[in-house]
Amino acid sequence: MKKLETREDIETLVNKFYDKVQTDETIGFFFNDVAKVDWDHHLPKMYSFWETLLFGQISYKGNPMAVHFPINSQVPMEKFHFAHWVQLWTQTIEENFTGEMAETAIYKATNIANLMGHKMEVSRR
């Protein structure tokens, strides 16, 4: 296992993570059926998102929260969906990477998932 250190590492992590997501019974349908994600477009955005969060390289421009509200209005995105997302993310990191940045990636993903789960729930009230 290696440390999470480069953009290439992020690309590997994101690709392996979304390979799991696409076939996952709990959350895959959000990506495949509801959002109908164009993976060629989505994956580079995710590389930049995580590069910005982890390495401070300001390569991501966007509002990830805003993108999720229309999906949530079609099919409720529940807190357990976000918890499962974190579980898959954590599993992918632990299978491929080690070190402080890997732990930071898990920590940040957990915070993002908790915030999004809360915001999606509030928006449905």
Side-chain angles (χ1 to χ4, degrees):
M1 292 226 289
K2 68 181 300 293
K3 291 186 177 184
L4 182 58
E5 301 176 305
T6 66
R7 165 93 179 196
E8 292 75 26
D9 293 339
I10 288 174
E11 290 178 12
T12 297
L13 169 60
V14 167
N15 288 339
K16 289 179 183 249
F17 170 69
Y18 281 108
D19 283 347
K20 289 180 182 179
V21 166
Q22 290 179 58
T23 60
D24 186 79
E25 293 181 12
T26 302
I27 62 172
F29 75 96
F30 281 111
F31 295 84
N32 299 320
D33 303 326
V34 181
K36 296 182 170 78
V37 170
D38 173 352
W39 294 105
D40 292 334
H41 182 73
H42 185 67
L43 292 174
K45 280 187 174 184
M46 294 300 93
Y47 307 151
S48 294
F49 176 79
W50 285 105
E51 182 180 42
T52 298
L53 278 181
L54 297 176
F55 301 146
Q57 298 292 326
I58 310 301
S59 58
Y60 176 78
K61 292 176 178 47
N63 183 341
M65 190 70 70
V67 173
H68 289 78
F69 286 119
I71 298 164
N72 186 53
S73 69
Q74 293 177 57
V75 178
M77 299 175 83
E78 305 284 351
K79 288 181 179 179
F80 79 88
H81 293 121
F82 290 101
H84 188 72
W85 178 89
V86 170
Q87 180 184 18
L88 292 176
W89 178 256
T90 301
Q91 179 185 54
T92 307
I93 290 173
E94 290 176 346
E95 289 169 353
N96 295 281
F97 297 100
T98 189
E100 185 178 334
M101 198 56 68
E103 292 301 318
T104 299
I106 293 168
Y107 175 77
K108 290 190 179 222
T110 302
N111 288 342
I112 290 166
N114 288 338
L115 179 61
M116 284 195 154
H118 174 73
K119 294 263 187 180
M120 295 304 122
E121 181 179 22
V122 168
S123 75
R124 291 191 307 272
R125 290 184 186 159

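All values reported here derive from a predicted model rather than from experimental measurement. The figures that follow rest on heavy atoms only: side chains count, while hydrogens, waters and symmetry mates do not.
His84 and Gln87 form a side-chain donor-acceptor contact under 3.5 Å, judged by distance and modelled atom types alone. Remark: the Ser123 side chain and the Asn72 side chain contain an N/O donor-acceptor pair separated by less than 3.5 Å.
Between the side chain of Trp89 and the backbone N or O of Ala105, at least one donor-acceptor pair lies under 3.5 Å. Within the 3.5 Å criterion, the main-chain N or O of Leu13 finds no donor-acceptor partner in the side chain of Lys16. Checked by atom type and distance alone, the side chain of Lys108 pairs as donor or acceptor with a backbone atom of Leu53 at under 3.5 Å.
Rounded to the nearest 0.5 Å, atoms OG1 (Thr26) and CZ (Phe80) are 7.0 Å apart.
Put simply, the side chain of Val37 does not reach to within 4.5 Å of the side chain of Tyr18, judged on heavy atoms. At a threshold of 4.5 Å between non-hydrogen side-chain atoms, the residues Phe29 and Val34 count as touching. Side-chain contact between Glu78 and Arg124 is present, with at least one heavy-atom pair separated by less than 4.5 Å.
Checked against a 6.0 Å centroid threshold, the rings of Phe17 and Trp85 count as neighbours.
Heavy-atom neighbours of Lys20 NZ from other residues, nucleotides or ligands within 6.0 Å: above the threshold of 12. Remark: Glu100 CD is loosely packed, at most 12 non-hydrogen atoms of other residues, nucleotides or ligands lying under 6.0 Å away.
Each of Asp9, Asn96, Thr98 was scored for a side chain to side chain donor-acceptor pair (under 3.5 Å) with Lys2, with one residue passing: Asp9.
Looking at every heavy atom in both residues, Pro44 comes nearest to Asp40 through CD-O, 3.2 Å.
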